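Scroll down for the structure; my scribbles are underneath it.
Values in this document were obtained by computation on a predicted structure and should not be read as measured data.
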Amino acid sequence: MSEFPTYEELLARPFFFCGIGGSGMLPLAQILKGRGAAVAGSDRSRDQGRTPEKFAALEKQGFTLFPQDGSGMVSADQILVASAAVEDTIPEVMRANTLGCLRMTRAQLLSILFNTSGAGIGIAGTSGKSTVTGMLGWIVFAANNDPTVMNGAVMKNFVSAERPFASAIVGGAGPFISEVDESDGSIALYRPSVGVLLNVSLDHKSMAELRVLFGDFLERSSVAVINADDAEALALLPRAQKAITFGIEQNKAQIGVVPGSIADGPIRQAATIVDRHDGSEHPLVLHMPGRHNLSNALAAIAGAVAAGVSTAAAVAALAGFEGLARRFNIIGTSDSGITVIDDFGHNPEKCAATLRTLKSHPGRVIAFFQPHGYGPLRQMGHELAETFARELGPEDVTILCDPVYFGGTVDRSIGSERIVTLIEEAGGLADHVPTREDCGKLIASMAKPGDRIVVMGARDDTLTEFARHLLEAL
């Protein structure tokens with residue numbers, strides 16, 4: 001990192017975020033601004049008129065926003081923060097190159113803030129990172145430890161009229177809690193005091209690459225927190241210097257569940273948590289359904305224990321955790337008894353967790369899935385199709401529109417039609433309707449009392465709006 005300024009030098013420079021409304025960019029921009037830095041930005045979605053309420057909220061908070069035409073880059077002192085995937089033809093990048101501005105990726109900048117905090121808690125894994133980050137952030141906040149939290153999702157506990165898109169908390173000298181991303185390999189930049197590993201499964205990289213990335217992450221962590229229920233994660237335990245394990249099924253995990261104590265419900269659950277280090281038991285009430293969220297809660301509790309919070313305080317705090325936007329977020333139920341749910345599921349494991357939660361209670365499931373790009377369909381399309389076919393029953397249906405596409409040079413030769421064919425070949429019921437608008441019309445026409453409609457997908461904030469419109473149409 002020696003080619004970059006120190007933390008103090010960074011905060012003295014003005015920042016410009018290309019794609020400031022993105023789920024990874026927005027919380028980082030909020031943290032920098034909260035620490036006194038001057039932050040401006042642009043976003044293609046703003047120029048296209050998408051999610052205007054988000055950008056209005058940012059301007060109200062004091063961010064200076066520009067069209068994505070290069071006009072915001074005015075000084076060589078500015079630091080341009082842009083995804084590594086942003087093309088050199090983007091006007092901000094071209095203008096920054098002309099001015100000689102320093103360019104940093106989101107991960108490079110975040111890792112400097114994280115590593116210089118002195119108490120970085122990194123949440124890693126293929127699935128569940130945002131939820132566990134939100135849970136752990138809430139626990140540490142409730143314990144009055146003044147955390148800074150960097151999340152890829154809006155945390156409902158911290159939403160206010162002034163900050164409707166609260167995906168970050170700007171704390172003081174307390175821990176710096178953040179998701180760390182393996183999809184682009186940037187997880188290698190982080191040196192955690194506490195490193196939490198939730199799971200290891202196919203997503204953006206091969207399993208062989210993931211084992212190396214996550215194993216190295218555990219080795220760099222002063223204390224590793226590992227999911228003993230995940231065979232791939234547990235296999236990396238020897239890489240850890242010091243470890244705390246958690247798990248629902250593994251009766252040797254330090255943070256676990258008393259057998260027979262789990263009470264499931266369609267919107268909440270309860271269980272008795274056991275800390276096997278001292279044998280203490282603690283009643284947990286969690287206002288989120290699904291066994292995967294119980295596992296997420298155990299991860300957050302174990303991470304909190306590793307950071308010095310008592311098990312009792314961590315469990316008690318979770319009773320007040322309100323969840324995240326777009327993580328099994330129940331939009332509402334129509335007068336006829338049809339429930340609409342908004343969910344971030346986009347890879348096989350995330351989709352499977354959501355579908356299993358839905359299928360653990362009676363009623364037909366109509367699963368609408370918007371692929372989050374053409375590349376991911378090539379990488380994991382077969383596994384996605386197997387997930388929908390396996391998790392849903394003969395009365396359920398999966399409906400796909402075309403993948404989200406905001407421009408660029410990506411290969412678009414493989415689309416949603418292939419996924420529908422694979423689902424049908426695996427014995428499932430599926431349909432491809434190219435436009436999202438027409439998918440909405442089809443779903444509204446086929447929905448019956450007692451159905452659960454789940455809207456799934458990533459990288460598109462307007463999916464929540466689509467879910468709300470669906471509920472209105474019902």
Side-chain angles (χ1 to χ4, degrees), residues 131 156 262-271 285-294 296 322-346 348-371 384-401 416 419-420 423-424 426-433 435-458 462-474:
T131 299
K156 294 180 183 178
I262 300 172
D264 282 317
I267 60 173
R268 66 196 292 269
Q269 58 187 311
V285 175
L286 191 62
H287 297 281
M288 303 174 75
R291 193 61 60 95
H292 63 295
N293 279 321
L294 180 56
N296 288 336
E322 298 174 16
L324 307 179
R326 303 221 61 236
R327 270 58 173 188
F328 208 92
N329 188 23
I330 298 173
I331 299 296
T333 301
S334 71
D335 293 340
S336 59
I338 304 167
T339 300
V340 178
I341 297 153
D342 184 28
D343 190 77
F344 189 66
H346 63 280
E349 187 164 351
K350 287 184 173 73
C351 291
T354 296
L355 297 175
R356 282 174 197 158
T357 300
L358 287 165
K359 292 303 294 178
S360 66
H361 302 282
R364 182 176 70 156
V365 173
I366 301 174
F368 167 78
F369 183 69
Q370 176 179 280
L384 276 167
E386 284 183 343
T387 297
F388 282 99
R390 180 185 68 245
E391 302 297 340
L392 294 179
E395 76 283 4
D396 305 317
V397 62
T398 304
I399 298 173
L400 284 84
C401 66
S416 297
I419 309 303
V420 167
I423 292 173
E424 291 175 337
L429 182 61
D431 198 1
H432 166 240
V433 180
T435 71
R436 197 166 75 182
E437 181 183 7
D438 286 341
C439 285
K441 293 175 181 175
L442 174 61
I443 292 168
S445 69
M446 68 188 299
K448 301 178 296 187
D451 285 350
R452 279 82 48 74
I453 301 168
V454 59
V455 172
M456 308 174 80
T462 65
L463 283 166
T464 300
E465 186 180 340
F466 173 71
R468 291 194 186 111
H469 287 325
L470 258 179
L471 181 62
E472 291 170 5
L474 296 171

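Results of the side chain to side chain donor-acceptor pair (under 3.5 Å) test with T462 over H469, Q370, R436 single out R436 as the only residue that passes.
Under the rule for a ring pair (Phe, Tyr, Trp, His ring centres under 6.0 Å), F328 has no partner lying at least two apart in sequence or in another chain.
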| query | Would V454 and F368 satisfy side chain to side chain contact (heavy atoms under 4.5 Å, CB included), going step by step from the backbone distance to the final call? | reply | CA-CA 6 Å; V454 59; F368 167 78; over 6 Å; no
| query | Given the rule in the side chain to side chain contact (heavy atoms under 4.5 Å, CB included) test, do L471 and T339 qualify, once you have shown the distances and angles that lead to the verdict? | reply | CA-CA 8 Å; L471 181 62; T339 300; over 6 Å; no
| message | Please evaluate residues T357 and L355 with respect to the criterion side chain to side chain contact (heavy atoms under 4.5 Å, CB included), reporting the C-alpha separation (whole Å), side-chain torsions for both, the decisive distance (0.1 Å), and the verdict. | response | CA-CA 5 Å; T357 300; L355 297 175; over 6 Å; no
| Derivation and outcome, side chain to side chain contact (heavy atoms under 4.5 Å, CB included), residues M288 and T131 | CA-CA 11 Å; M288 303 174 75; T131 299; 3.9 Å; yes
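Shown here for L463 and A458, the closest heavy-atom pair between the two residues is CD1-N, 4.2 Å. Of all non-hydrogen atoms in S336 and L474, the two that sit nearest each other are OG-O, 4.4 Å. Among all heavy-atom pairs drawn from L470 and G440, the shortest one is CD2-O, 3.7 Å. Closest approach of A389 and I423 over heavy atoms only: CB-O, 4.0 Å. Annotation for L294 and A271: closest pair CD1-CB, 4.3 Å, computed over non-hydrogen atoms. Between L442 and S445, the closest heavy-atom pair is O-OG, 2.7 Å.
A 4.5 Å side-chain heavy-atom check between L324 and K156 finds every atom pair outside the cut-off. Two residues are said to be in side-chain contact when any heavy atoms from C-beta on lie closer than 4.5 Å; S416 and P371 meet this criterion.
Under the 3.5 Å distance criterion, the side-chain polar atoms of T333 are left unmatched by any main-chain donor or acceptor of G337. Judged purely by atom type and a 3.5 angstrom limit, N293 uses its side chain to pair as donor or acceptor with the backbone of P289. Under a 3.5 Å cut-off, the side chain of R452 and the backbone N or O of H361 do form a donor-acceptor pair. When atom types are taken as modelled, the side chain of Q269 and the backbone of V285 share no donor-acceptor pair closer than 3.5 angstrom. Although no hydrogens or angles enter the test, the distance criterion places no donor-acceptor pair under 3.5 Å between the side chain of T354 and the main chain of C351. For D396 (side chain) and G393 (main-chain N/O), a donor-acceptor pair under 3.5 Å exists by modelled atom type.
Geometric assessment of R326 against the ring of F344 yields a negative cation-pi assignment under the 6.0 Å and 45° thresholds.
Look at K350 and D343 and you find no salt bridge, because none of the NZ, NE, NH1 or NH2 atoms lies under 4.0 Å from a carboxylate O. Salt bridge R364/D451: present, at least one basic N to carboxylate O contact under 4.0 Å. Between E395 and K359, at least one side-chain N (NZ, or NE/NH1/NH2) sits under 4.0 Å from a carboxylate O, which counts as a salt bridge.
With rounding to the nearest 0.5 Å, the separation of CD1 in I338 from CD1 in I443 is 11.0 Å. One finds the CG atom of L392 at 4.5 Å from the OG1 atom of T398 (value rounded to the nearest 0.5 Å).
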